[in-house]
Enquirer: 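I have a structure here, written as structure tokens, and I will follow up with some questions on it.
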Amino acid sequence: MHLSSDCMKLDELGNLRRTHLSTEVSSKLAGKEVVVMGRVGDVRDLGGIKFFILSDISGSIQVTAPKAKVGKKLLAKIDGLTQESAVAVRGKVVAAKQAPRGVEVFPSEIRVLNLASVPLPLDPRGRVKANLDTRLDARALDLRRSESLAIFKIRHQALQTARNYFMSRGFIEVNTPKIVATATESGAALFPISYFEREAFLSQSPQLYKEVLTGCFERVFEVGPIFRAEEHDTPRHLNEAISIDIEVAYAAAEDVMKILEDLIVEVFSDVKRKCAEELKPLNHKLEVPKKPFLRVTYDEALKKLERAGVKVPWGEDLPTPAEKKLGELVDGAYFVVDWPMILKPFYTMPKKDTPKLSEAFDLMHKGLELASGGTRIHQEELLVKQLKQKRLNPQGFESHLQNFRAGLPPHAGFGLGLDRLTMVLTGADNIREVVLFPRDRTRITP
RNA sequence: GCCCUGGUGGUGUAGACCGGUCUAACAUGUAGGCCUGUCGAGCCUACGCCUCGGGUUCAAAUCCCGGCCAGGGCGCCA
């Protein structure tokens, strides 16, 4: 019932189309008619003259309505506007020194395409801060804030740079299934789903698929979601994340570490150069790491930590406080290499001379793990041995193992967390800030 | 799951330690009014809040217990 009366107030978009983005309206167009569309910002009514700011994805433009020059119907329409409503304005461009950008539009027609209700759950202009939880509940509105917008433009740039990087180096972009039949890796927590009459799982990583694809495409990369059913509750873990995964034939750990190094430096440089405007509202100074990144062995890391008063027994993973400590001891981006085999998954290649250690690496940035990778096993016999050692049944991996009998080449690769990378690029201290609609232990909406 | 901290109008905060003076303050917002150059407009008026349940007390936003929720620290994270 409210709906019908509200709809009565609304205008149709009809055949009207935008001729200019708000920032394309310049004083050069003075005297010309333009059609701009966007969201209503501040409305200022001075009695004899009314102003409102119209914002679109490019920026904003002021719409000015002097009583003497604009009809009563239009003035009434401006009175009825609410913050964040969607409007179309047809009008004449006027150069004016007093206008915010030296140019404004005198309206001849205003169409209220959709009226925003009041009050909104948060202020998208950001004058009054809102808690992260409140913002995530109204995420699409929150994304109109300049800080949020800046974060996702930077994320977009990182993704674009990464894609360009791989494509210019002969990588083929692939999409592997996210619905998988078995829990392929150890006792890792996977989300079970119902797949017709069978149980299936959400993929935890494209690992096995990308390895197999090196046998045909040689160099592959994938940008896609990974799902982990771990009950973690931290500012750097989500249950759905985006991973940039690569796998390269005829390569070993050091080769893909160089690729990763190059990629990181290129992404940081691009963001620093092309997203200077976006970094400003985030108040973030981006430091481009220098190549080559420091290689710290697992053993060296333990020694450094012990000297700093943090004891980690050999053969154990670095607990969070140890990771953070190491991040203080070794600044910027660095690799931790030569991990004990027991800490790495079954497909990890052992070091030839010291088989207790692996050819696996982690890329760290100030204590935060951004990527992990290494040389993979390509010989079936060794892989079966490792499966058994991890107490996995090789029979469950038959469809995977058959590829190794078809002459799968030696290969190496890594998985890089796009969300964590974006955290570092934007200075965000909570991973939820850099994900449009984050999925964590308690949140599955919006 | 554990530990710490918190929950006050639509939003963000103050008040709490030391119960009464709280008929709950400030900002933003919203509604109305004045104003023909505002630009985080200004001025005037109004509207709207103590997380839920229990307890202590003459008296609870304030103290105690529990629930729920959130933030941080861990754990978990092949």
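None of the values given here were measured: they were computed from a predicted structure. Convention: sequence-line order gives letters A, B, ...; per-chain numbering from 1.
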Enquirer: Looking only at side chains, do A:Thr214 and A:Glu247 share a donor and an acceptor under 3.5 Å apart?
Expert: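 Short answer, no.
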Enquirer: Across all strands, who's sitting opposite B:rC17 as a Watson-Crick or G-U wobble pair, both distances under 3.5 Å?
Expert: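 Matched B:rC17 with nothing under the 3.5 Å cut-off.
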Enquirer: In whole angstrom, give the distance that lies between atom CD of A:Glu231 and atom C1' of B:rC76.
Expert: 9 Å
Enquirer: In whole Å, what is the span from the CD atom of A:Glu323 to the P atom of B:rC77?
Expert: 12 Å
Enquirer: Tell me which residues in residues 27-53 of chain A put a heavy atom below 4.0 Å from RNA chain B, sorted by number, or none.
Expert: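 Close to the strand are A:Asp42, A:Arg44, A:Asp45, A:Leu46, A:Gly47, A:Gly48, A:Ile49, A:Phe51.
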Enquirer: When the C1' atoms of B:rC69 and B:rU30 are compared, how many Å lie between them, rounded to an integer?
Expert: 28 Å
Enquirer: Could you check how far NZ of A:Lys325 sits from P of B:rG73, rounded to whole Å?
Expert: 16 Å
Enquirer: Does A:Thr442 have a side-chain nitrogen or oxygen under 4.0 Å from the phosphate oxygens OP1 or OP2 of B:rA70?
Expert: yes
Enquirer: For the side chain of A:Ser22 and the backbone of A:Gly59, is there at least one donor-acceptor N/O pair under 3.5 Å apart?
Expert: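 Yes.
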Enquirer: For A:Ile78 and B:rU38, give me the distance from atom CD1 to atom C1', rounded to whole Å.
Expert: 13 Å
Enquirer: Counting side-chain heavy atoms from C-beta on, which of B:rG75, B:rA70, B:rA78 comes nearest to A:Asp133?
Expert: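 From the listed options, B:rA70 comes nearest.
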Enquirer: Return the nearest nucleotide to the side chain of A:Gln83; candidates are B:rU30, B:rA78, B:rG37.
Expert: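 Between B:rU30, B:rA78, B:rG37, the one nearest the side chain of A:Gln83 would be B:rU30.
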Enquirer: Looking only at atom C1', what distance separates B:rG15 and B:rC22, rounded to whole Å?
Expert: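 My reading of the C1' atoms in B:rG15 and B:rC22 gives 9 Å.
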Enquirer: Return the nucleotide paired to B:rU56: Watson-Crick means purine N1 to pyrimidine N3 with N6-O4 or O6-N4, wobble means G-U with N1-O2 and O6-N3, both under 3.5 Å.
Expert: none
Enquirer: RNA chain B: A:Pro66 or A:His237, which has the more 5' nearest nucleotide?
Expert: A:Pro66
Enquirer: Please determine whether any donor N or O and acceptor N or O are separated by less than 3.5 Å between the side chain of A:Glu104 and the base of B:rG37.
Expert: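 Side chain to base: pair found, below 3.5 Å.
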Enquirer: Ignoring hydrogens and geometry beyond distance, is a side-chain donor-acceptor pair present between A:Glu230 and A:His237 at under 3.5 Å?
Expert: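 No, because no side-chain N or O of A:Glu230 sits under 3.5 Å from a partner of the opposite role on A:His237.
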Enquirer: Kindly indicate whether the side chain of A:Leu305, heavy atoms from C-beta on, has any atom under 4.5 Å from the side chain of A:Leu326.
Expert: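 The answer is yes; the side chains approach within 4.5 Å.
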Enquirer: Given A:Ile154, which of A:Leu425, A:Val267, A:Val434 fulfils the side-chain contact (heavy atoms from CB on, under 4.5 Å) condition?
Expert: A:Leu425
Enquirer: Give a yes-or-no answer on whether the side chains of A:Trp339 and A:Asp317 include a donor-acceptor pair shorter than 3.5 Å.
Expert: no
Enquirer: Please give the nucleotide sitting opposite B:rG71 as a Watson-Crick or G-U wobble pair, both distances under 3.5 Å, or none.
Expert: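 WC or wobble partner is B:rC4.
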Enquirer: Looking only at atom C1', what distance separates B:rU45 and B:rA59, rounded to whole Å?
Expert: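 To the nearest whole Å, 35 Å.
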Enquirer: Any side-chain N or O of A:Thr320 under 4.0 Å from OP1/OP2 of B:rG75?
Expert: yes
Enquirer: When you compare the side chains of A:Ser55 and A:Ser60, does any donor N or O come within less than 3.5 Å of an acceptor on the partner?
Expert: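 No, because no side-chain N or O of A:Ser55 sits under 3.5 Å from a partner of the opposite role on A:Ser60.
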Enquirer: Starting from P on B:rC76, measure out to CG on A:Leu318 and report it in whole angstrom.
Expert: 12 Å
Enquirer: Which listed nucleotide (B:rG75, B:rA78, B:rG29) is nearest to the side chain of A:Arg127?
Expert: B:rG29
Enquirer: Tell me the interatomic distance from A:Asp137, atom CG, to B:rC69, atom P, rounded to whole angstroms.
Expert: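 The answer, rounded to whole Å, is 13 Å.
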Enquirer: Quick check: on RNA chain B, is the nucleotide nearest A:Lys344 upstream (toward 5') of the one nearest A:Lys97, or the reverse? Name the residue that is more 5'.
Expert: A:Lys97
Enquirer: I'd like to know if the side chain of A:Gln207 pairs up with that of A:Glu211 as donor and acceptor (distance under 3.5 Å, no hydrogens or angles considered).
Expert: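 Side chains of A:Gln207 and A:Glu211: pair found under 3.5 Å.
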Enquirer: To the nearest Å, give me how far apart CG (A:Asn239) and P (B:rA78) are.
Expert: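 Taking CG of A:Asn239 and P of B:rA78, I get 13 Å after rounding.
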Enquirer: Write down the distance separating the C1' atoms in B:rA61 and B:rG20, rounded off to the nearest Å.
Expert: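 Looking at atom C1' only, B:rA61 and B:rG20 are 13 Å apart.
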Enquirer: If I pick the P atom on B:rU62 and the same atom on B:rU57, what distance separates them, to the nearest angstrom?
Expert: 16 Å
Enquirer: Can you confirm whether A:Leu436 is buried at CG, in the sense that more than 12 heavy atoms of other residues, nucleotides or ligands lie under 6.0 Å from that atom?
Expert: yes
Enquirer: Side chain of A:Pro321 only, please: which of B:rG75, B:rA78, B:rA70 is the nearest?
Expert: B:rG75
Enquirer: Determine the Euclidean distance between corresponding P atoms of B:rG6 and B:rG66; express it in Å to zero decimal places.
Expert: 15 Å
Enquirer: Would you mind classifying the nucleic acid contact of A:Lys324 as base, sugar-phosphate or nothing, using non-hydrogen atoms under 4.0 angstrom?
Expert: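 Result for A:Lys324 = sugar-phosphate.
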Enquirer: Considering Watson-Crick and G-U wobble pairs with both distances under 3.5 Å, what does B:rC43 pair with?
Expert: B:rG33
Enquirer: Scan A:Thr348 against the nucleic acid and name what it touches under 4.0 Å (heavy atoms): base, sugar-phosphate only, or nothing.
Expert: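 Result for A:Thr348 = nothing.
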Enquirer: Tell me which nucleotide among B:rA78, B:rC77, B:rC74 gets nearest to the side chain of A:His232.
Expert: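 Closest of the options to the side chain of A:His232: B:rC77.
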Enquirer: Using modelled atom types only, decide if a donor and an acceptor are shared between the side chain of A:Lys210 and the backbone of A:Gly413 within a distance under 3.5 Å.
Expert: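 Such a contact is absent between A:Lys210 side chain and A:Gly413 backbone.
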Enquirer: Counting the atoms with a prime plus P, OP1 and OP2 as sugar-phosphate, which does A:Gln62 contact under 4.0 Å by heavy atoms, base, sugar-phosphate, or nothing?
Expert: base
Enquirer: Using a 3.5 Å distance criterion without hydrogens, assess whether the side chain of A:Thr354 forms a donor-acceptor pair with backbone atoms of A:Lys351.
Expert: no
Enquirer: Would you mind pulling out the nucleotide paired to B:rA78, Watson-Crick or G-U wobble, both distances under 3.5 Å?
Expert: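 Partner of B:rA78: none.
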Enquirer: So, A:Lys77 side chain and A:Ile110 main chain: donor-acceptor pair closer than 3.5 Å or not?
Expert: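 Pair found, side chain donor or acceptor close to backbone of A:Ile110.
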Enquirer: Looking only at side-chain atoms of A:Pro235, point me to the closest of B:rG75, B:rG71, B:rG73.
Expert: B:rG73
Enquirer: Tell me if a side-chain donor or acceptor on A:Ser85 pairs with a main-chain N or O of A:Ala116 at a distance below 3.5 Å.
Expert: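 Judged by distance alone, yes, a pair lies under 3.5 Å.
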Enquirer: Would you mind pulling out the nucleotide paired to B:rC26, Watson-Crick or G-U wobble, both distances under 3.5 Å?
Expert: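 B:rG12 is the nucleotide pairing with B:rC26.
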Enquirer: Using whole Å, report how far CD of A:Glu316 lies from C1' of B:rC77.
Expert: 15 Å
Enquirer: Pick the C1' atom in B:rC4 and in B:rA78, then give their distance to the nearest Å.
Expert: 31 Å
Enquirer: Along nucleotides 9-15 of chain B, 5' to 3', which nucleotides get a B, which get an S, and which get a -, given that the test is a protein heavy-atom distance under 4.0 Å?
Expert: -BBSS--
Enquirer: Could you tell me how far B:rG48 sits from B:rG9 if I compare only their P atoms? Round to whole Å.
Expert: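 Result for the P pair: 14 Å, nearest Å.
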